[in-house]
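Remarks on the structure that follows.
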Amino acid sequence: MTKPILWISPGACSLAPHILIREAEVDFETVVINVKAGFPQEYRHMNPKEKVPIFQLGDETITEVPAIMTAISQMSPNKHLLGKTNLEIVRTYEWCNWLSGTVHAQAFGGVRRSHRFSDDPQTYNAIKAKGRKRIEESLAFIEEKLKGNHAIGDTFTAVDAYLLVIYRWGSDTGIDMKGKYPKYTSLVVEGLKRDSVKAAIEAEGIKFEV
């Protein structure tokens, strides 16, 4: 059987499944592309939505972070990377859908990709301001929801991997993450101790400081 292939861009949302596939201890390969200036058109055939991550699993090509992390988790079921119980799995999807659809696409998207929301450059500053407000509201919600060093149950799951990415983006946006969100910071500090997280960060050549 051929190795699964994970298409990533350093520091992008693809870091979450990159961490998770290392946590799953699955033998895999990566294809690294840079999407900071836009999705390279020579790879559009891999994902017509023009986004990373992309996951090649045999003859199947899977897109979207929650779907890819589900596929990865199913490859190592004994690790319970979606949660240990039916309710925990439901909560994992609740978190991941919100992180993907609202926090990433709308909040950080407004700040980083204002052109996706309007064709009028004169509106970009207002879009960025609204995005920044939504980021801060989302981070406050995360801080309120967290009860310990894991978002779901008492073990590392796909949600923790995704929250690590969001925390890093918050820092890059200039938000005092450590000062404003102590519970969230505690989760991240614990996460950064994991071999899977260390390996993914090193492989992508990015910095992650708390």
Side-chain angles (χ1 to χ4, degrees), residues 4 6-9 11-24 26 28 35 47 49 51-57 60-113 131 134-170 177 181 183-184 186-188 190-192 194 196-197 200-201 204 208:
L6 181 64
W7 292 58
I8 63 174
S9 183
C13 61
S14 51
L15 176 59
H18 189 184
I19 290 170
L20 201 69
I21 199 167
R22 291 181 180 276
E23 188 72 28
V26 170
F28 71 104
V35 299
N47 185 5
K49 291 179 280 189
K51 295 180 181 179
V52 291
I54 305 166
F55 193 49
Q56 292 177 265
L57 188 59
E60 299 292 333
T61 299
I62 303 168
T63 63
E64 304 298 331
V65 170
I68 291 172
M69 293 204 293
T70 298
I72 291 170
S73 299
Q74 290 174 343
M75 299 173 77
S76 295
N78 292 337
K79 289 187 175 291
H80 304 290
L81 295 173
L82 293 179
K84 293 179 179 179
T85 67
N86 288 341
L87 180 58
E88 286 185 359
I89 293 170
V90 168
R91 292 301 186 192
T92 291
Y93 283 113
E94 182 180 44
W95 269 102
C96 287
N97 289 344
W98 177 69
L99 291 171
S100 175
T102 299
V103 184
H104 179 184
Q106 297 180 27
F108 282 98
V111 172
R112 295 181 165 192
R113 300 282 192 270
R134 296 209 70 172
I135 289 171
E136 293 180 347
E137 290 172 348
S138 298
L139 294 174
F141 178 79
I142 292 169
E143 179 71 11
E144 181 182 350
K145 288 284 287 183
L146 293 176
K147 305 302 180 185
N149 289 330
H150 298 292
I152 302 293
D154 57 2
T155 57
F156 189 87
T157 66
V159 181
D160 297 321
Y162 215 152
L163 286 173
L164 284 164
V165 176
I166 299 298
Y167 188 98
R168 183 174 178 274
W169 288 355
M177 299 295 291
Y181 312 110
K183 288 192 293 183
Y184 194 176
S186 180
L187 178 146
V188 169
E190 288 302 308
L192 289 173
R194 304 186 76 85
S196 59
V197 178
I201 291 170
E204 296 196 14
F208 198 138

With a 4.5 Å heavy-atom cut-off, do [X] and [Y] have their side chains touching?
X	Y	value
Ser138	Trp98	yes
Leu20	Ile68	no
Ile21	Phe55	yes
Leu163	Leu99	yes
Ile166	Phe108	yes
Phe28	His18	yes
Ile19	Phe156	yes
Ile142	Tyr181	no

Can Trp169 and Ile135 be said to form a side chain to side chain contact (heavy atoms under 4.5 Å, CB included), step by step? CA-CA 10 Å; Trp169 288 355; Ile135 289 171; over 6 Å; no
Begin with the C-alpha distance, continue with both residues' side-chain angles, and end with the deciding distance and a verdict on side chain to side chain contact (heavy atoms under 4.5 Å, CB included) for His104 and Val165. CA-CA 10 Å; His104 179 184; Val165 176; over 6 Å; no
Gap between atom [atom2] of [Y] and atom [atom1] of [X] - 0.5 Å precision:
X	Y	atom1	atom2	answer
Leu15	Ile201	CG	CD1	6.5 Å
Lys183	Leu146	NZ	CG	6.5 Å
Glu88	Thr85	CD	OG1	4.0 Å
His80	Thr155	NE2	OG1	8.0 Å
Ile62	Gln56	CD1	CD	10.5 Å

Please check: side-chain N/O of [X] versus main-chain N/O of [Y], any donor-acceptor pairing under 3.5 Å?
X	Y	value
Trp7	Lys51	no
Tyr184	Tyr167	yes
Ser14	Ile8	no
Ser9	Val35	yes

Which atom pair, heavy atoms only, marks the closest approach of [X] to [Y]?
X	Y	value
Met69	Cys96	CE-SG, 3.8 Å
Cys13	Val65	SG-CG2, 3.9 Å
Ala151	Leu187	N-CD1, 3.8 Å
Arg134	Thr102	NH2-CG2, 3.7 Å
Thr92	Leu82	OG1-O, 2.7 Å
Gly191	Val197	O-CG2, 3.2 Å

When you check the gap from the basic side-chain N to the acidic O, do Glu94 and Arg91 get nearer than 4.0 Å? yes
CA sep, side-chain torsions, deciding dist, call: Ile72, Glu23, side chain to side chain contact (heavy atoms under 4.5 Å, CB included): CA-CA 10 Å; Ile72 291 170; Glu23 188 72 28; over 6 Å; no
Apply side chain to side chain donor-acceptor pair (under 3.5 Å) to Thr63 and Lys49, showing your working. CA-CA 9 Å; Thr63 63; Lys49 291 179 280 189; 2.8 Å; yes
